[in-house]
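Remember, it's a predicted structure, so these values are computed and weren't measured experimentally. All values below come from the heavy atoms of this structure, side chains included, with hydrogens, waters and symmetry mates left out. Read the numbers this way: they start at 1 and go in the same order the structure lists the ligands and their atoms.
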Amino acid sequence: MKLMEEKILQEGQVLSADILKVGSFLNQNIDIKLLAQMADEIARLFADCDVTKILTIEASGIAIAAAAGMRMGADVLFAKKHRTSNVDGAVYSTTVHSFTHGEDYNVVVSKDYLKSTDRVLLVDDFLANGKALTGLMDLVNQAGAELVGVAIAIEKCFTGAGDKFRAQGVRLESLARIESMTEGNIVFRA
Ligand code: 5GP
C-alpha cells in the first residue's frame, strides 16, 4: 500500500536493528486518513472470505481491527494480555512471548465471544517473529473456529515468519512489507 510505505519512509524511525517506531501515525497518534485507507484495503483483500469476526491482540492492533471491522461489517474481538497464568475455564488462553517487552504473557478471550461457527480474520500492526500470530491462531483452534486469513499492517519480511505462514497455507496479506531496514534506509519488498 503506497500511502503506508510513504508514511514509513517519512515518519518511521528505525530504533535498533529490528524495531521500527511508528508512534506518529499508527502506534500512539493515529493518522485517521491512513487508517481509513488501511481498512479499505483490508476489506478489499478479504472481500471473498465471509469474515464474521476480526480477532486482534491488545493494544496496538485494536484500532486497525476496529476500522477494518466497520468496513467489513464484522465484529471485532481483542485478546487480552495477563501477566499471570491464573485464568478460569470461561476463556480460551495461550502464552505469547512479547517482541517489544521480551517477556511472556498469558493471552485470553472469553469463550462467549469466539464460536466454532466464526470465520476469523486475524489483524495486527506488526509481524516480526510470528509469536503473537501463533498465539491468536491457537485461540481460533481452541474455539474450533475457521481461520480465513491474516491482515498485517507492517510485515518485517527479513524475519522469514510471514513466508513460513504462507508456506503453511495461511492467507497472509501485509499492507507494507519491509525487506531490510537500517537507520535512514528502509527497503520494501516489491
Ligand atoms: P511477533 O509476535 O510477530 O514477534 O511481534 C509482533 C508484535 O510485536 C506486534 O503485535 C507488535 O505490537 C510488536 N512489534 C514487533 N515488531 C515491532 C516493531 O518493529 N515496532 C513496533 N512498534 N512493534 C513491533
Side-chain angles (χ1 to χ4, degrees), residues 1 4-31 34-35 38-39 42 54-69 76-83 92-109 120-142 147 149-168 170-189:
M1 199 182 128
M4 173 74 91
E5 291 186 358
E6 282 168 12
K7 270 284 190 192
I8 291 170
L9 289 177
Q10 284 160 10
E11 298 181 25
Q13 291 171 268
V14 180
L15 290 191
S16 64
D18 56 5
I19 297 257
L20 178 67
K21 189 175 173 203
V22 292
S24 69
F25 61 92
L26 197 60
N27 279 163
Q28 187 170 14
N29 187 76
I30 298 176
D31 180 326
L34 175 68
L35 188 69
M38 291 167 65
I42 293 170
I54 298 184
L55 175 63
T56 188
I57 189 164
E58 68 177 359
S60 43
I62 297 175
I64 306 165
V76 171
L77 177 63
F78 61 92
K80 293 185 168 229
K81 293 176 184 166
H82 289 278
R83 267 166 215 275
Y92 300 116
S93 151
T94 193
T95 303
V96 169
H97 184 77
S98 164
F99 182 89
T100 38
H101 298 106
E103 54 185 38
D104 286 354
Y105 285 94
N106 228 41
V107 171
V108 303
V109 292
V120 182
L121 175 68
L122 302 182
V123 167
D124 206 2
D125 59 342
F126 276 89
L127 173 60
N129 295 321
K131 306 286 188 199
L133 266 193
T134 302
L136 291 175
M137 287 174 184
D138 187 14
L139 297 176
V140 172
N141 275 337
Q142 288 178 43
L147 175 71
V150 177
I152 297 289
I154 303 173
E155 175 181 350
K156 297 192 288 189
C157 299
F158 51 85
T159 67
D163 290 334
K164 237 183 249 170
F165 286 119
R166 291 184 184 98
Q168 289 163 10
V170 177
R171 181 163 165 183
L172 189 153
E173 303 276 3
S174 304
L175 305 184
R177 295 176 297 175
I178 297 177
E179 199 65 80
S180 67
M181 61 182 203
T182 51
E183 212 186 316
N185 188 24
I186 297 175
V187 178
F188 295 101
R189 183 182 280 189

Measure the distance from [atom] to every protein heavy atom, then report the residue, atom name and distance (to 0.1 Å) of the closest one.
{"atom": "atom 15 (C) of ligand 1", "value": "F99 CD2, 3.3 Å"}
{"atom": "atom 20 (N) of ligand 1", "value": "L20 O, 2.7 Å"}
{"atom": "atom 21 (C) of ligand 1", "value": "F126 CE1, 3.3 Å"}

Could you grab the distance from atom CD1 of I154 to atom CG of L26, nearest 0.5 Å is fine? 5.5 Å

When rounded to the nearest 0.5 angstrom, what distance separates CZ in R171 from CG in L122? 13.0 Å

Quick one: does [X] get an N or O within less than 3.5 Å of an N or O on ligand 1?
{"X": "D124", "value": "yes"}
{"X": "G130", "value": "yes"}
{"X": "A132", "value": "yes"}
{"X": "A128", "value": "yes"}

Taking heavy atoms and a distance under 4.0 Å, where does [X] meet ligand 1: side chain, backbone, both or neither?
{"X": "K156", "value": "side chain"}
{"X": "N27", "value": "side chain"}
{"X": "N129", "value": "both"}
{"X": "D125", "value": "side chain"}

Which residues pass the salt bridge (Lys or Arg N to Asp or Glu O under 4.0 Å) test with E173, not counting sequence neighbours? none

For E11, which residues count as a salt bridge (Lys or Arg N to Asp or Glu O under 4.0 Å) partner, sequence neighbours excluded? K7

Indicate yes or no for a side-chain donor-acceptor contact from [X] to the backbone of [Y] under 3.5 Å, with no hydrogens or angles considered.
{"X": "T159", "Y": "N129", "value": "no"}
{"X": "K131", "Y": "F99", "value": "no"}
{"X": "K81", "Y": "E58", "value": "yes"}
{"X": "E179", "Y": "C157", "value": "no"}

Does Q10, at its CD atom, have more than 12 non-hydrogen atoms belonging to other residues, nucleotides or ligands within less than 6.0 Å? yes

Inspect the surroundings of CD in E183 and state if more than 12 heavy atoms from other residues, nucleotides or ligands are less than 6.0 Å away. no

Among I57, T100, L15, closest by any non-hydrogen atom to atom 13 (C) of ligand 1: T100

Does some non-hydrogen atom of [X] fall short of 4.0 Å from ligand 1?
{"X": "D18", "value": "yes"}
{"X": "V22", "value": "no"}
{"X": "S60", "value": "yes"}

In ligand 1, which numbered atoms sit nearer than 4.0 Å to a non-hydrogen atom of I19? 19 (O)

